[in-house]
Asker: 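Below you will find the structure I want to go over with you.
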Amino acid sequence: MGSVEPIAVYVHTPFCPSKCGYCDFNSYAMTGEIVERTVRATVLEIERSPWRGRPAKTVFFGGGTPTFLEAGQLERILLAVVAAHPPVDGAEVTSEANPGTVDIPKFRDMRAMGFDRVSLGAQSFDSSDLLRLGRVHEPGHIGRAVQAARDAGFENLNLDLMFALPGQSMRGWEQNLRLALAMGPEHLSLYCLTIEPNTRYYRYHLKGMLDLPDDEAQVAMYDRAVEACEGAGFRQYEVSNFARPGFESRHNLCYWRAEEYAAYGPGAVGRVGRRRWTNTKHPVRYCEAVEAGAELACEVEDVDDQALRTERLMLGLRLNEGLELDGLAVSESGLSGCVAAGWLTLGEGRATLTPAGRHVLNEVAVRLL
Amino acid sequence: MDQSHIRNFCIIAHIDHGKSTLADRILEKCGLVRGEAQEQMLDTMDLERERGITIKMTAVRLSYRARNGEEYQFNLIDTPGHVDFTYEVSRALYACEGALLVVDATQGVEAQTIANAAMAMNQNLEIIPVINKMDLPHADPEMAREEIENALALDATDAIPCSAKSGMGVEEILEAVVARIPSPKGDPKAPLRALIFDSHFDTYQGAVAYIRVKDGSVKPGDRIQMMSTGKTFDIDEVGVFRPKLERGTELATGEVGFITGAIKTIGDASVGDTVTAASNPAPEPLPGYRQAKPMVFCGLYPTDGDQYNDLRDAIEKLQMNDASISFTMETSAALGFGFRCGFLGLLHMDIARERLEREFGLDLILTAPSVDYIVHMTDGSNQHISNPSEMPDPNHTDFIEEPTVEATIMVPTEYVGVVMTLCQDRRGTYKKTEWPTPNRAIVYYTLPLAEILLDFFDKLKSMTRGYASFDYDLSEYQQSELVKVDILLNGDPVDALSFIVNKQFSYPRGKAIVEQLRKVVPRQQYEVKIQAAIGSRVIAADVIKPFRKNVIAKCYGGDVSRKRKLLDKQKEGKKRMKNIGAIEVPQEAFLSVLKVAE
C-alpha cells in the first residue's frame with residue numbers, strides 16, 4: 001500500500017500495418033475507430049491503476065507498432081503515464097518504431113512530448129529478407145528513419161536486427177551488421193530468428209518450406225555479431241543486446257534483474273510482487289472490459305518463491321554482469337559441472353556465462369535449478 | 001426366476017459396428033437408467049473408454065416383459081475384442097446360450113465378425129444376426145445379409161434390421177432373444193458347478209468372481225471350493241450387476257452374477273475355473289480350464305531408482321487384479337533394480353504399463369519385450385532365458401529353441417498373397433489354406449512367437465486394409481539360429497538394450513535400432529557413438545553430434561512466464577531420462593526394438 005518504490009512501466013499498443021510471418025506478439029492489423037477507442041481505454045486503465053503514485057523508473061511503449069498511432073494519441077497515453085507514475089530524474093522513456101511508419105514531424109512530436117529513446121525495428125537491410133519476413137518497410141526507410149530520429153533530437157537510438165533468416169548467408173548477415181553499425185546507433189539488439197508456434201513461419205517450417213541456417217551456422221553468425229559489435233566499440237551486456245557504454249536499455253535491464261514492472265494496454269503483461277497478470281488480449285474485448293469497469297486480466301499467475309527463483313536464475317544468466325548467486329541455492333554439482341564444461345566462470349558471488357556457455361544458456365539454467 | 005425364463009447372451013461384432021451403442025439401447029429398453037449420461041456404459045475402466053476397447057467383461061442383469069406378457073431375466077455379458085484376450089472371450093461365450101451378431105449395414109461382414117462368430121459357433125451358441133446402422137443413407141441390408149450367409153454360412157433370412165442409434169428394431173431383437181435363444185439347461189439339484197468367466201479385485205471385498213451357475217445354486221454362507229486349486233472359501237455375498245453391483249440371496253441354476261468370499265488374490269478366482277460346493281463337490285469340473293500363461297516378457301524399471309519399492313507394491317496390487325501378470329526381481333547394470341514381468345501379449349503389456357503409471361503415479365522404463373527361450377548348453381543342461389542380457393556365451397551353447405505359434409489368418413481371397421509374403425518374411429512355415437466360402441480364405445502358418453511380438457498384427461491389418469483376422473495358439477518350441485545383439489553407447493554395452501534375433505535378421509535390425517536410437521536420444525554435451533555388435537563384431541554404428549545451441553534469443557516481460565515453464569519442462573524431461581554413464585537416455589529408447597521391425 002502506498003509504496004513509492006520506483007517501477008518500470010510498459011505500455012502495449014497492439015496495432016500494426018500488417019502481421020509479420022515470424023511474429024507471435026499480441027498484434028493486430030486493424031484500423032478505424034477501434035484504434036482511438038483503444039487509446040481512450042488505455043488512458044482510462046492507467047488512470048485507475050492500483051500502482052498509481054509509484055514513480056516511473058523507466059517507460060517503454062512497445063507493440064505492435066506504437067508509431068502506428070498518431071502523435072496526439074501517443075501523447076495522451078504518455079501524459080496519463082506521467083500523471084500516474086511521475087518519472088524519476090533522468091528516467092528512460094522509449095518507444096518502439098517501425099521505419100515505415102515514421103517521419104520527421106512525428107519524431108519531433110514524440111521527442112517534444114518526452115520520449116528520449118527510439119528502438120527501430122530494422123530487422124534486415126536486404127529487401128528480399130524484408131519481403132519474406134512480411135515487413136512493410138524497405139531497406140531505404142531505415143536510413144531515413146535514423147536520420148529523422150537524429151534530426152528530431154533523439155540521442156539514444158536502437159536498431160533491432162534478426163539473423164538466421166530463411167536463406168540468409170553469413171555474407172548477407174555480415175553485410176547487415178556493417179550497414180547497421182554504419183548508421184551509428186547507440187544500441188543494437190541482434191536476435192536469432194526463433195520459430196514460434198501460432199505463426200505463419202511455424203506452419204511453413206512444419207512443411208519444410210523455410211530454408212533455415214542450421215545450428216552450426218546460427219552459432220557462427222552469433223559469434224560474428226559479437227565480434228563485429230565489440231570491434232565497433234559496443235559492449236555486449238545481454239545474450240542479444242549490445243550498447244555503447246552507458247546506453248544499455250535500463251527498462252529491459254529491469255526484466256533481466258527480475259524487478260517489478262507495471263503494464264497497461266491490450267495483452268500487456270506486468271508483475272508486481274507475486275502477481276503476474278496478462279491483460280485481455282483482443283482490443284475490442286479489452287475496450288469492453290475497461291469501459292464496463294470489469295476485470296482486465298485474462299490470466300493471473302501467482303509467482304511463488306520457487307517460480308521467482310527459476311526466473312531470477314534464467315534471467316540473470318542472460319546478463320554479462322552475471323547471476324548473483326546469493327540466496328538462490330543453485331545446485332552445487334550443476335555449478336561445478338558447468339564450470340568444468342567451460343560454460344561458466346565464478347567470481348565475486350556471481351556466475352557469469354562464458355562466450356561458449358552463452359550458446360547453451362538453457363542447459364546451464366536447467367543444471368543449476 | 002425359473003430356468004425357462006432366463007436368457008444368457010452376449011453381443012459380438014467387429015470394432016465400430018455398434019456393439020456398445022446397441023448394449024446401451026438394450027439397457028434402456030429394459031428400464032436401466034443411464035448413469036450420468038455416460039455413453040457406452042458397459043465399458044467401465046477409464047482406459048477402456050480412451051482406447052475404445054473392452055478390457056474387462058461385465059455382465060448386466062436385465063428384466064424384460066415380453067409381448068407374451070411374461071417377465072424374463074436377461075443376462076447380457078460383454079466380451080473383450082483383442083487377440084491378447086482370446087481365452088477370456090471363449091470363457092465369456094461359454095457362459096451364454098446365445099449371441100447377437102452385429103453387422104454394420106454399410107460395411108458388411110468383417111474380420112472380427114468372422115473370428116468371433118466362429119468362436120460362438122464352436123460353442124454351439126444360438127446366433128441372431130442383427131444388421132445395424134440402418135439409419136445411415138447408404139445402408140445396404142441386402143449386401144450385409146448376403147455376406148452373412150456366404151462368409152459365415154449362417155441363415156440370414158431372419159436377420160433383424162436395426163439402428164442402435166435411433167432405437168429402431170431394438171424391441172424385435174429383445175423378442176428374438178426370448179424366442180430364439182434357448183433357456184439354460186442344467187440340474188438345480190446337482191452339486192454346484194459354476195464357471196468363473198471374469199473377476200476383478202475390490203480393496204474391501206477381495207476378489208469378486210463373475211460366475212455363470214451351470215448346476216445347483218450358491219448363496220451367502222455356503223462353503224465353496226475352486227476345482228483347479230482345491231482352495232475353499234466362505235461366500236460373503238452373492239449378487240448381480242444392474243449395471244451397478246446389487247446384493248441378492250442366491251444365484252440359481254442358469255443365472256449369472258457375482259460372488260465374494262474374502263478371496264485374497266485374483267489368482268484364486270481364475271477365469272475358466274469351476275466353483276463347486278466344498279461339502280458336496282461335483283465329480284468333474286466344467287471343461288476348458290486353462291491357466292493364463294504369460295507369453296511376453298519385459299523388464300520394468302522405475303525411472304527414479306528410489307521408486308523401486310513403490311513399483312513392487314504397485315505390481316503386487318495389479319497382480320491381485322490380473323492374475324495373468326507374472327513378475328520376478330531382476331537387476332540391470334544400466335537401469336538398476338526392477339522386475340522381469342510376463343504378459344499375455346503386447347496390448348496387455350501396454351495396458352499394464354499405463355495402469356502402473358496412471359493409477360500408481362510411477363514413472364517407468366520398459367525394456368524391449370522378449371519371449372522365453374530354451375538354451376541348450378554344451379554340457380547337456382538347459383535353461384529358460386527371457387532376458388536377452390542373460391543369454392549365455394555362445395561358446396557354451398549347443399543350440400537354442402524358441403516358442404512358436406500356430407497362426408490362423410482369415411482374409412478375403414484377394415489378400416492371400418500378401419498374407420503369405422508377410423508370414424514368409426517373419427520366418428513362417430506354411431501349413432495349408434482353406435476356402436470356407438468362395439471369397440474367404442483361411443491361411444495356416446507356424447510362426448515364431450518372437451516375430452508376432454513386433455508389429456505383426458498391425459502390419460497384417462494394414463496390408464489387408466483391416467480385413468484380416470488373426471488368432472494363434474501357442475505351439476511347440478523349435479530350434480532356431482538365434483544371436484544376441486548388444487547395443488553399445490560410447491563403447492559400453494547397455495544390457496537393457498540387448499535383444500535376441502534370428503541370425504538372418506541381425507544386420508538389418510541392428511542397423512535399424514541404431515538409427516532409431518540416433519533419433520530418440522537427444523544431443524548431449526559430448527559426442528555419443530552408438531554401435532550394435534554381435535560379440536566383439538560391430539554390425540552397425542552411428543554418431544550423435546553434441547548439441548551446439550540451446551538458448552532463447554528474446555526474453556522480455558511478456559515472455560518470462562512461458563520461458564520459465566519451458567525451462568521447468570526441460571528440467572522435468574531431464575529427470576525422466578536415465579543416466580547411463582554420462583549419457584542421458586530417454587524412456588522410449590528402450591522400446592526402440594519395437595519400432596523397427598521392417
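The basis for the numbers below is simple: all heavy atoms, side chains too, and nothing from hydrogens, waters or symmetry mates. In what follows, every chain begins at residue 1, and chains take the letters A, B, ... in the order their sequences are listed. All of these numbers come straight from a predicted model, not from anything done at the bench.
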Asker: Partners of B:Ser332 by side-chain contact (heavy atoms from CB on, under 4.5 Å), sequence neighbours excluded?
Answerer: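 Applying side-chain contact (heavy atoms from CB on, under 4.5 Å) to B:Ser332 gives B:Tyr301, B:Ala334, B:Leu335, B:Asp495, B:Ala496.
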
Asker: Determine whether A:Leu212 and A:Ile195 make a side-chain contact, defined as any pair of heavy atoms from C-beta on separated by less than 4.5 Å.
Answerer: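 Of all side-chain heavy-atom pairs linking A:Ile195 with A:Leu212, at least one is under 4.5 Å.
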
Asker: Got a list of the donor-acceptor pairs under 3.5 angstrom between chain B and chain A?
Answerer:
unit_1, atom_1, unit_2, atom_2, d
B:Gln525, OE1, A:Arg367, NH1, 3.2
B:Gln525, OE1, A:Arg367, NH2, 3.0
B:Arg548, NE, A:Glu216, OE1, 3.3
B:Arg548, NE, A:Glu216, OE2, 3.4
B:Lys549, NZ, A:Gln218, OE1, 2.8
B:Asn550, N, A:His359, O, 2.6
B:Asn550, O, A:Leu361, N, 3.2
B:Asn550, O, A:Asn362, N, 2.9
B:Asn550, OD1, A:Asn362, ND2, 3.0
B:Ile552, O, A:Arg318, NH1, 3.0
B:Ile552, O, A:Arg318, NH2, 2.8
B:Ala553, O, A:Ser240, OG, 2.7
B:Ala553, O, A:Arg318, NH2, 2.9
B:Cys555, O, A:Trp256, NE1, 2.8
B:Tyr556, OH, A:Tyr191, OH, 2.5
B:Tyr556, OH, A:Asn241, ND2, 3.1
B:Gly557, O, A:Tyr261, OH, 2.9
B:Ser561, OG, A:Glu301, OE1, 2.7
B:Ser561, OG, A:Glu301, OE2, 3.4
B:Arg562, NH2, A:Asp24, OD2, 3.3
B:Arg564, NH1, A:Glu301, OE2, 3.1
B:Arg564, NH1, A:Glu311, OE2, 2.5
B:Arg564, NH2, A:Glu301, OE2, 2.4
B:Lys571, NZ, A:Val366, O, 3.2
B:Lys571, NZ, A:Leu369, O, 3.4
B:Lys574, NZ, A:Glu363, OE2, 2.9

Asker: So does B:Phe337 have more than 12 non-hydrogen atoms from other groups sitting under 6.0 Å from CZ?
Answerer: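 No, CZ of B:Phe337 has 12 or fewer neighbouring heavy atoms, counting only those of other groups under 6.0 Å.
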
Asker: Can you measure from CD1 (B:Ile365) to CG (B:Leu300) and round to the nearest 0.5 angstrom?
Answerer: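 With rounding to 0.5 Å, CD1 (B:Ile365) is 10.0 Å from CG (B:Leu300).
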
Asker: Checking heavy atoms, do the side chain of A:Leu315, its backbone, both or neither come under 4.5 Å from chain B?
Answerer: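 Contact with chain B is through the side chain of A:Leu315 alone.
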
Asker: Between A:Ala8 and chain B, with a heavy-atom cut-off of 4.5 Å, which part of the residue counts as in contact: side chain, backbone, both or neither?
Answerer: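 Contact with chain B: none, neither part.
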
Asker: Tell me, side chain or backbone of A:Val239 under 4.5 Å from chain B's heavy atoms, or both, or neither?
Answerer: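 Only the side chain of A:Val239 comes within 4.5 Å of chain B.
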
Asker: Which atom pair, heavy atoms only, marks the closest approach of B:Ile315 to B:Cys341?
Answerer: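 Minimum heavy-atom contact is CD1-SG, 4.0 Å.
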
Asker: Shortest non-hydrogen contact from A:Cys192 to A:Ala164?
Answerer: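 Taking every non-hydrogen atom into account, SG-CB, 3.9 Å.
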
Asker: If we only count heavy atoms from C-beta on, is the A:Val366 to B:Leu567 side-chain gap below 4.5 Å?
Answerer: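 A side-chain contact exists here, since the closest heavy-atom pair is under 4.5 Å.
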
